[in-house]
Amino acid sequence: MLRKIFLASTSPRRRTLLESLKIPFEVISPRFVEVPTDLPAADEALYFAEEKARSVQALCPDALVIASDTLIDCEGTKIGKPRDDKEAVQMLEKLSGKTHTVCTAVVLLDTGNGDLKKHVERVAVTFKRLTPKIIKDYVATGEPLDKAGAYAIQEKGGALVEKVEGDLQAVVGLPLGVVKEWLA
């Protein structure tokens, strides 16, 4: 018997990525509120992903729950989603001309037996040097809000990027290779 699979996420990008695997799943909103910690970016992303999965555990009996979270580490500074346009500008100024690490954590929780698989994918992304006008124009599109690091690499934000070393899907929000392996 096939077990139900749930994606504990409100991210349309994660939903689209998981749909590409052509497996049936349902989307459920996590009941976890992210509050920044003192953990490094990769550890915090993993903590958030696990808590998102656990927050819907009771609502998804005997099922598999996938949850993910993305944070950025730029020279030791942890960067999440901007609260507003001003913070988006500050984030993009910090990333301009530098290589940062995108840390995307993913977990698979078996709510039937409590088994938990965890993984953090780290991807090096190098930004072009961005002028104030480029940053201002990009922020004006509204795209940076609700995106870790204030950019969407799969959309207009891809124009800000010089180089990606690693899994592009993880930068978008879900390392599909790992998920596919776990579900096989």
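The structure presented is a predicted model; accordingly, all values stated were derived computationally and were not measured.
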Original post:
So how far is it from Glu181 CD to Leu176 CG, rounded to the nearest 0.5 Å?
Top reply: 12.5 Å
Original post:
Do you know which two heavy atoms are closest between Ala8 and Val56, and how far apart they sit?
Top reply: CB-CG2, 4.0 Å
Original post:
Should Val164 and Tyr138 be counted in the same cluster of Ile, Leu, Val, Met, Phe, Trp and Tyr side chains packed under 4.5 Å apart?
Top reply: yes
Original post:
For the residue pair Leu95 and Phe127, what are the closest heavy atoms and their distance?
Top reply: O-CB, 3.2 Å
**OP:** For the pair Ile23 and Leu18, evaluate side chain to side chain contact (heavy atoms under 4.5 Å, CB included) and give the outcome as yes or no after the intermediate values.
**Re:** CA-CA 8 Å; Ile23 55 168; Leu18 193 56; 4.2 Å; yes
**OP:** Measure the shortest side-chain to side-chain distance between Pro30 and Thr10 over non-hydrogen atoms and say whether it is less than 4.5 angstrom.
**Re:** yes
Original post:
Are the side chain of Thr101 and the backbone N or O of Arg122 linked by a donor-acceptor pair below 3.5 Å?
Top reply: no
Original post:
What closest approach, in Å, do Lys133 and Asp137 show between heavy atoms, and which atom pair accounts for it?
Top reply: NZ-OD2, 2.6 Å
Original post:
Which pair of non-hydrogen atoms, one from Tyr151 and one from Leu160, has the smallest distance, and what is that distance?
Top reply: CB-CD1, 4.3 Å
Subject >> Over 12 foreign heavy atoms within 6.0 Å of CG, Asp38 >> reply: no
**OP:** Decide whether Leu145 and Val172 are clustered together by the hydrophobic rule: side chain heavy atoms of Ile, Leu, Val, Met, Phe, Trp, Tyr closer than 4.5 Å, transitively.
**Re:** no
Original post:
According to a 4.5 Å side-chain heavy-atom criterion applied to Ile, Leu, Val, Met, Phe, Trp and Tyr, with indirect links allowed, do Val139 and Ile153 form part of one hydrophobic cluster?
Top reply: yes
Subject >> Reported NZ-to-OG1 distance for the pair Lys4 and Thr111, which is rounded to 0.5 angstrom >> reply: 11.0 Å
Without placing hydrogens or testing angles, list every side-chain donor-acceptor pair under 3.5 Å for residues 64-79, not counting sequence neighbours.
{"residue": "Ser68", "atom": "OG", "partner": "Arg14", "partner atom": "NE", "Å": "3.4"}
{"residue": "Ser68", "atom": "OG", "partner": "Ala105", "partner atom": "O", "Å": "2.7"}
{"residue": "Ser68", "atom": "OG", "partner": "Gly173", "partner atom": "O", "Å": "3.2"}
{"residue": "Asp69", "atom": "OD1", "partner": "Lys52", "partner atom": "NZ", "Å": "2.9"}
{"residue": "Thr70", "atom": "OG1", "partner": "Arg14", "partner atom": "NH2", "Å": "3.1"}
{"residue": "Thr70", "atom": "OG1", "partner": "Thr104", "partner atom": "OG1", "Å": "3.0"}
{"residue": "Asp73", "atom": "OD1", "partner": "Gly76", "partner atom": "N", "Å": "2.9"}
{"residue": "Glu75", "atom": "OE1", "partner": "Lys98", "partner atom": "NZ", "Å": "3.4"}
{"residue": "Lys78", "atom": "NZ", "partner": "Thr37", "partner atom": "O", "Å": "2.7"}
{"residue": "Lys78", "atom": "NZ", "partner": "Leu39", "partner atom": "O", "Å": "2.7"}
{"residue": "Lys78", "atom": "NZ", "partner": "Glu44", "partner atom": "OE1", "Å": "2.5"}

Subject >> Heavy-atom pair with the smallest gap, counting every atom of Arg31 and Ser55 >> reply: N-OG, 2.9 Å
Subject >> Straight-line distance of Leu7 CG to Leu17 CG, nearest 0.5 Å >> reply: 10.0 Å
Original post:
Under the 3.5 angstrom rule, does the side chain of Arg83 hit a backbone N or O of Lys81 as a donor-acceptor pair?
Top reply: no
Original post:
With distance as the sole test, does Glu143 use its side chain to make a donor-acceptor pair with the main-chain N or O of Gly157 at under 3.5 Å?
Top reply: yes
Original post:
Counting N and O atoms only, with roles assigned by atom type, does the side chain of Ser96 sit under 3.5 Å from a partner on the main chain of Leu130, one being a donor and the other an acceptor?
Top reply: yes
Original post:
Side-chain heavy atoms under 4.5 angstrom apart, residues restricted to Ile, Leu, Val, Met, Phe, Trp, Tyr: same cluster for Val106 and Phe48?
Top reply: no
Original post:
Where is the tightest heavy-atom contact between Ala49 and Val107, given as atom of each residue plus distance?
Top reply: O-CG2, 3.5 Å
Original post:
Can you hop from Tyr47 to Leu109 via hydrophobic side chains spaced under 4.5 Å?
Top reply: no
**OP:** Taking the side chain as every heavy atom from C-beta outward, state whether Lys128 and Ile134 have any pair of such atoms under 4.5 Å apart.
**Re:** no
Original post:
At what distance, to the nearest 0.5 angstrom, does OG1 of Thr141 lie from NZ of Lys136?
Top reply: 12.5 Å
**OP:** Calculate, to the nearest 0.5 Å, the distance between atoms CG and CZ belonging to Leu174 and Arg15 respectively.
**Re:** 13.5 Å
Original post:
Taking atom CG of Leu108 and atom NZ of Lys117, what is their separation to the nearest 0.5 Å?
Top reply: 6.5 Å
